[in-house]
Amino acid sequence: MLESKLSQCVKEAVQSLYDLLLSEKDITLQKTRKEFTGDFTIAVFPFVRASKKSPETTASEIGEYIKNHLKEVTDFNVIKGFLNLEISKSYWLNFLNNHQQDVSFGFTKTEEKEVVMIEYSSPNTNKPLHLGHIRNNLLGWSVAQILKANGKNVVKVNLVNDRGIHICKSMLAWQKWGNGETPTTSGLKGDHLAGKYYVLFNQHYLEEIAEMMTNGMEKEVAEKQSALMLEAQEMLRKWEAKDETILHLWETMNAWVYEGFDQTYRRMGIDFDKTYYESATYLSGKSIVEKGVSEGKLIRKADQSVWADLTAEGLDQKLLLRSDGTSVYMTQDLGTAHLRNEEYQPQQMIYVVGNEQNYHFDVLKLILLKLGYNWADSIHHLSYGMVELPAGKMKSREGTVVDADDLMDEMEKTAYDKALELGKIDDFESEEARQLYAVIAMGALKYFILKVDPQKNMLFNPTESIDFNGHTGPFIQYTHARIKSLIKKASDDISPIVANIDVLTKEKDIIRLLHEYPAIIKVAGENRSPALIANYAFELAKEYNGFYQEITILKEENDDLRNFRLVLSAFTANTIKSAMGLLGIEVPERM
RNA sequence: GGCCCCGUAGCUCAGUUGGAUAGAGCAACAGCCUUCUAAGCUGUGGGCCACUGGUUCGAAUCCAGUCGGGGUCACCA
C-alpha cells in the first residue's frame, strides 16, 4: 500500500535528518483537504522538538527527503507545519488499471479464517417484527457482510424467544376467542395472527382489571388475581410439564409465526446460518448454574433461589434461578452462550441487541468469567440506540408501533407513486417495474437506517424517509444506474489506460475516494459500523454525480481521455455496487 | 440516587488514530433540461461543535465537573 510506504519513508526521513526514532502511530498521514494542492498530508509538529527548526523548515526538509526517495512522490508544498505530498499521475492511472475489473476490490483474502458468530433479530413469537427489529436485522446482516469482507468466517445466528408467559397469552386468547382461525382461513400472515391475539389478550386483561377496580379492588391485587392472568400462568406450567394439548397448540401457532417471519426476512433480504430456540436451550443454562453452585461460585439462599454475587465487581447480586427453580432471562443467555461456544468455538461472539440491555451484557460477561469461562472475553455487545418517532417514543402498549411489513408496503407504494409521477418507468415492462419499486423501496429504508451511527438513538420520520431526494439510498442507486447506462451507450471495449492523461481535479477526488475503499471496509469491520460504508458510498456517488454532470464522455474528442473516463466510471460503478452490497442494498442496472 | 449512552446549522445526520478556514442532506432563495436519466447539478444564506475548566505545538474529538435528553438498576424478557 502506498500509505504504508509513505509512513515508512517519513520514519526514515526523521531518523536520518533528526536522529529521532518514530513509531507508526507518531505519523499522521491523512488526505489533503480539497482546498490545498497535494494528495497526502503530514503534520510535522511532533518532530520540531527533535529538528530544533521551525515547522516550515522541518516540513520542507522532510518533503525534500521523501521526494528524493520515493518515485511516487513528484512534488510537495508546505503550509504552516503541514507537508502536502503530491502523488504521480502514473500511480493513480496504474491504480485504476489494476483494479477496474476487480469485483472484490477492497475485500481481504485470507487462508486461515477466524470464526465470528453474530446474533441478531432475536424475535418473540407472540407478535410480528417492528421498526426496532428492522434496525437490528439490517445492522446484524450488514455487519456480518462487512466481517466476511474482512476475511472472517461468519456464522449468522438467530435466537428465537419461543417460550414464556407472553407466548401463552397469545395462545390463550386464540383458544378463547379464535374460533379456529388460521392464516389460511383469515388471510393473515401467521405472525400477525399471533400478534392479533396477543393484543386481544391485553385488551381483555385490562378490561378485567378495570372492572375489578370499580368493584373496589386495589390495582395491584387485581393484577395478581386476574382470572385471565392466572389462566395464562397455568398454561405456562402445563407447557413446562409438557402437556400434550398445550404443546400441540404451541407448535401449531409457532409454525404460523415462523412462516410469517420467514416472509419478512426474505423480503428484507436477510438470512441466518442457524436458529436457536430458547425452548431448546434454557435447560442448559440451569445446569451451568447448578454446576456453579456446587463449585461454590454462586450462592443458594434459604428460599432456594440462586444468585451471583457481583459486589466485588462493583455491581449488585443478580438472580439466576427463582425460588421455585425456574430460570430467568440471564440463565437462558448463559446457557445459549455456553452451547454456542461448545458448538463453534468462535473467536468472537457478537450480539446485536438494543442498548437498553447494556447492563445485562456487562453482567452476562462477568458471570461467565466468574464461572471460569474465559471465552466470555470474546463476547461483544453490538449495542444500538432506539428508533424514535416524531410523535414520541414507540411503545407497543400505546399502539404506536410501526409494523415492519406495513412499513415495507408503504415504502414500496411510495416508490411506485413517485416513479409514476416522474414518468420513470414508461418504458419498463410491468414485471421489471414491479421489481424496481421493491429494490428502491428497500434501498431507501435500509439506507435511511444504516447511515446513522448504531450507537445513537435515531429519529425515524416516515414522511422524510420516503423522500427519494438528497442523502438517500435511491440517490446512490440512481448514480449507479446512470453510470451503467453511460457505459452501455459507449459500447466500446474499455481498454487499459496507457496514455499520460492530465488528471483533472474533479476526477482525482473520485480516484482518491476509490483508493481508500479498503480502509473504509476495514475500519467499518473493526467498529462494526455499516454507517461508515453508507456515508462513504454517498460521498462517492455525490462526487461522481458532480463530475458526471459536466463531462461528455460519449463524444470526447481525445480518445485517451474518453477511455480514461470510461475506466473511471466503470470502477466507480463497481465500488458503489460492492459498498451497497455490504449494506444489503441492490443497485439496479437502470431506473 | 448509582451506573451507561447521547448533546455539532431551523430539522435529520457526517466528522476516520487529536490537525489547516467545521461538512452533507432537507427546508429557504437564485440559476441550469438541443447532450447520458432533472429521482439530478451549480450557487447563496445559515454554527459559542450544550457549558466551564484541564491536558499540548494543536481539542467538536482526550480528561474532570456542570447542565439538558435517553436508557438501566425486577423472582419481566
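Below, chain A is the first sequence line, B the second, and so on; all start at residue 1.
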Quantified in whole Å, what is the C1' atom distance between nucleotide B:rU61 and nucleotide B:rG15?
9 Å

Rounding to the closest angstrom, what is the interatomic distance between B:rA9 and B:rA60 at atom P?
15 Å

Heavy-atom nearest nucleotide on RNA chain B taken for A:Phe448 and for A:Ala481; more 5' hit belongs to A:Phe448

Ring centre gap for A:Phe361 and A:Tyr351 strictly below 6.0 Å:
yes

Between A:Thr326 (side chain only) and A:Arg322 (backbone N and O only), is there a donor and an acceptor less than 3.5 Å apart?
no

Rounded distance in Å between the C1' positions of B:rC41 and B:rC33:
11 Å

Which part of the nucleic acid does A:Gln357 contact within heavy-atom distance under 4.0 Å: base, sugar-phosphate only, or nothing?
base

Which is true for A:Gly164 with a 4.0 Å heavy-atom rule: it touches a base, it touches only sugar-phosphate, or it touches nothing?
nothing

When the ring centroid of A:Tyr447 is compared with that of A:Phe538, is the distance short of 6.0 Å?
no

Determine the interatomic distance between C1' on B:rC49 and the same-named atom on B:rG7; round to the nearest Å.
10 Å

In this structure, how many angstroms lie between the P atom of B:rG10 and the CG atom of A:Leu459, rounded?
17 Å

Near RNA chain B, under 4.0 Å by heavy atom, which residues of residues 512-523 of chain A?
none

For the C1' atoms, the ones on B:rA24 and on B:rU42, what distance do you get once it is rounded to whole angstrom?
16 Å

According to a strict under-4.0 Å criterion, is A:Arg163 in side-chain N/O contact with OP1 or OP2 of B:rA77?
no

Has A:Lys418 got a side-chain N or O lying under 4.0 Å from the OP1 or OP2 atom of B:rA38?
no

Test A:Glu290 against A:Arg300 for salt bridge (Lys or Arg N to Asp or Glu O under 4.0 Å), laying out the working first.
CA-CA 10 Å; A:Glu290 290 297 348; A:Arg300 190 186 299 277; 2.7 Å; yes

A:Arg237/A:Glu234 ion pair, N-O < 4.0 Å
yes

Could you check whether A:Thr479 and A:Asn545, counting side-chain N and O atoms only, form a donor-acceptor pair closer than 3.5 Å?
yes

With the six-membered base ring of B:rG19 as reference, does the ring of A:Phe45 sit under 5.5 Å away with planes under 30° apart?
yes

Cation-pi check, A:Arg163 to A:Tyr282: give yes when NZ or CZ is under 6.0 Å from the six-membered ring centre and within 45° of the ring axis, no otherwise.
yes

Considering only side-chain heavy atoms of A:Phe475, which listed nucleotide, B:rC73, B:rG40, B:rC75, is closest?
B:rG40

Mind pulling the stems RNA chain B is in, i.e. runs of at least three Watson-Crick or G-U pairs, everything under 3.5 Å?
B:1-7 with B:67-73, B:10-13 with B:23-26, B:28-32 with B:40-44, B:50-54 with B:62-66

Close residues, residues 317-331 of chain A, relative to RNA chain B [heavy-atom separation under 4.0 Å]:
A:Leu319, A:Arg322, A:Ser323, A:Val328, A:Tyr329

If you compare every side-chain N and O of A:Arg590 against the phosphate oxygens of B:rU37 (OP1, OP2), does one of them come in below 4.0 Å?
no

Pick base, sugar-phosphate or nothing for A:Asn84, based on heavy-atom distances below 4.0 Å to the nucleic acid.
base

Between A:Asn137 and A:Ser121: side-chain donor-acceptor atoms closer than 3.5 Å:
yes

A:Phe82-B:rA20 aromatic stacking (under 5.5 Å, under 30°)
yes

Phosphate contact (B:rU37 OP1 or OP2) by A:Lys489 side-chain N/O below 4.0 Å:
yes

Rounded to whole Å, please give me the gap between CD in A:Glu56 and P in B:rA20.
16 Å

Do A:Tyr198 and A:Phe201 have their ring centres less than 6.0 Å from each other?
no

Electrostatic pair A:Lys365:A:Glu313 at N-O distance under 4.0 angstrom:
no

Working note: A:Lys522 + A:Glu526, criterion salt bridge (Lys or Arg N to Asp or Glu O under 4.0 Å); need CA distance, chi angles, decisive distance, verdict.
CA-CA 6 Å; A:Lys522 191 150 177 278; A:Glu526 280 166 9; 3.7 Å; yes

Closest nucleotide among B:rA14, B:rA20, B:rG70 to the A:Asn457 side chain:
B:rG70

Measure CD/A:Gln30 against C1'/B:rA20 and give the value in whole Å, please.
9 Å

Under 4.0 Å between a side-chain N/O of A:Gln455 and OP1 or OP2 of B:rC6, yes or no?
yes

Looking at B:rA77, B:rG15, B:rC41, which one has an atom nearest to any side-chain atom of A:Leu532?
B:rG15

A:Asn535 side chain, from C-beta outward: closest of B:rC75, B:rA77, B:rA14:
B:rA14

Using a heavy-atom cut-off of 4.0 Å across all strands, would you classify A:Ser383 as base, sugar-phosphate, or nothing?
nothing

As a test of reading the structure: which of B:rC75, B:rA24, B:rA20 is closest to the side chain of A:Thr32, going by heavy atoms?
B:rA20

Nearest-nucleotide 5' precedence on RNA chain B, A:Asn161 against A:Ser485:
A:Ser485

In terms of side-chain heavy atoms, does A:Ser383 have a donor or acceptor partner in A:Asn358 at a distance below 3.5 Å?
yes

Using whole Å, what does the distance between atom C1' of nucleotide B:rC33 and atom CG of A:Asn545 come to?
15 Å

Do A:Ser284 and A:Thr281 meet the criterion of a side-chain donor-acceptor pair at a distance under 3.5 Å?
no

Side-chain atoms of A:Ile79 come closest, of B:rA20, B:rG19, B:rU37, to B:rA20

Output the rounded distance in Å from CD (A:Gln304) to P (B:rC75).
17 Å

When the P atoms of B:rA39 and B:rU34 are considered, how many whole Å apart are they?
15 Å

Taking only side-chain N and O atoms of A:Lys456, does any of them lie within less than 4.0 angstrom of OP1 or OP2 on B:rG70?
no

Looking across every strand, which nucleic acid part, if any, lies under 4.0 Å from A:Asp303 by heavy atom: base, sugar-phosphate, or nothing?
base

